[in-house]
Amino acid sequence: MTISEVCEKFALSQDTLRYYEKIGLLPRVQKNSGGFREFAERDCERIAMIKWMRDAGMSIKTLTQYIDMVPDGDKTIEARKKLLLELKNQLTIRINELQVIQRLLDEKIECYEIHIAPKEEELFPRQTDQMHL
């Protein structure tokens, strides 16, 4: 896949992909005969993992630590699992915060529908066909 195709598929900018490659989150992507990056399926799988970890709130620093541990195999399983559990806990907290915000919005919308919308409708009545010349 070309960089444009990968960007579209994952909703990432080219600058972001180049940055991930520069800092080592992505291995050097192969280039075709024209000198353009050619992303393999394996690259896309890794980008997908990076994206969901970032979307979940994992920092670049922690993500780099995680990825740096992977080649060490079994001896880093517990450390990697710990990072994932921390991410899950942070995500759970964020989900709970968002649910509170959602409830507050629901209350505000209900208040709007009961109190504000009718008054606005009085101030700005619908134009009738009587206004035609």
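Computed over heavy atoms, backbone and side chain alike; hydrogens, waters and symmetry mates excluded.
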For this session: Start with the C-alpha distance between Tyr20 and Arg54, add both sets of side-chain angles, then the distance that settles side chain to side chain contact (heavy atoms under 4.5 Å, CB included), and finish with yes or no.
Result: CA-CA 12 Å; Tyr20 288 169; Arg54 292 288 293 140; 3.8 Å; yes

For this session: Please lay out, stage by stage, how Leu104 and Glu107 fare under the test side chain to side chain contact (heavy atoms under 4.5 Å, CB included).
Result: CA-CA 5 Å; Leu104 291 170; Glu107 290 172 13; 4.1 Å; yes

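Atom CZ of residue Phe39 and atom CD1 of residue Ile3 lie 4.5 Å apart, to the nearest 0.5 angstrom. Here Phe10 contributes atom CZ and Glu5 contributes atom CD; the two are 11.5 Å apart, rounded to the nearest 0.5 Å. Residue Met58 holds its CE atom at 10.0 Å from OG1 of Thr64, rounded to the nearest 0.5 Å. The structure places CZ of Arg46 at 14.5 Å from CD of Glu41, a figure rounded to the nearest 0.5 Å. Between Asp43 atom CG and Met1 atom CE the span is 11.0 Å, to the nearest 0.5 Å. With rounding to the nearest 0.5 angstrom, the CD atom of Gln90 is 7.5 Å from the OG1 atom of Thr62.
With sequence neighbours excluded, the residues forming a salt bridge (Lys or Arg N to Asp or Glu O under 4.0 Å) with Arg37 are Glu21, listed by chain and number. Applying the side-chain contact (heavy atoms from CB on, under 4.5 Å) rule to Gln102 yields the partners Asp106; only residues at least two apart in sequence or on another chain are considered. With sequence neighbours excluded, the residues satisfying side-chain contact (heavy atoms from CB on, under 4.5 Å) with Gln99 are Ile95, Asn96, Arg103. Residues that satisfy the side-chain contact (heavy atoms from CB on, under 4.5 Å) test with Ser13, not counting sequence neighbours, are Asp15, Thr16.
Not one N or O on the side chain of Asp72 forms a donor-acceptor pair closer than 3.5 Å with the backbone of Lys75.
By the rule that hydrophobic residues join a cluster once side-chain heavy atoms approach within less than 4.5 Å of another member, Val29 and Tyr19 end up as members of one cluster. Note on Ile67 and Leu85: separate hydrophobic clusters, where clusters join Ile, Leu, Val, Met, Phe, Trp and Tyr whose side-chain heavy atoms are under 4.5 Å apart, directly or indirectly. Ile23 and Leu26 fall within the same hydrophobic cluster, where Ile, Leu, Val, Met, Phe, Trp and Tyr residues are linked whenever their side-chain heavy atoms come under 4.5 Å apart, directly or through other members. One hydrophobic cluster, built from ILVMFWY side chains closer than 4.5 Å, holds both Leu25 and Met49. Leu84 and Leu63 fall within the same hydrophobic cluster, defined by Ile, Leu, Val, Met, Phe, Trp and Tyr side-chain heavy atoms under 4.5 Å apart, directly or through other members.
The side chain to side chain donor-acceptor pair (under 3.5 Å) contacts involving residues 79-88 comprise Thr76-Arg80, where partners must be two or more places apart or lie in separate chains.
Clustering of Ile, Leu, Val, Met, Phe, Trp and Tyr by side-chain heavy atoms under 4.5 Å joins Phe124 with Leu123.
Between Leu12 and the choices Val6, Ile50, Ile47, the side chain to side chain contact (heavy atoms under 4.5 Å, CB included) rule is met once, by Ile47.
Nearest heavy-atom pair across Cys7 and Leu17 is SG-CD1, 3.6 Å. Across every non-hydrogen atom of Leu91 and Ala56, the tightest pair is CD1-O, 3.8 Å.
The local environment of CD in Glu97 is crowded, with over 12 non-hydrogen atoms from other residues, nucleotides or ligands closer than 6.0 Å.
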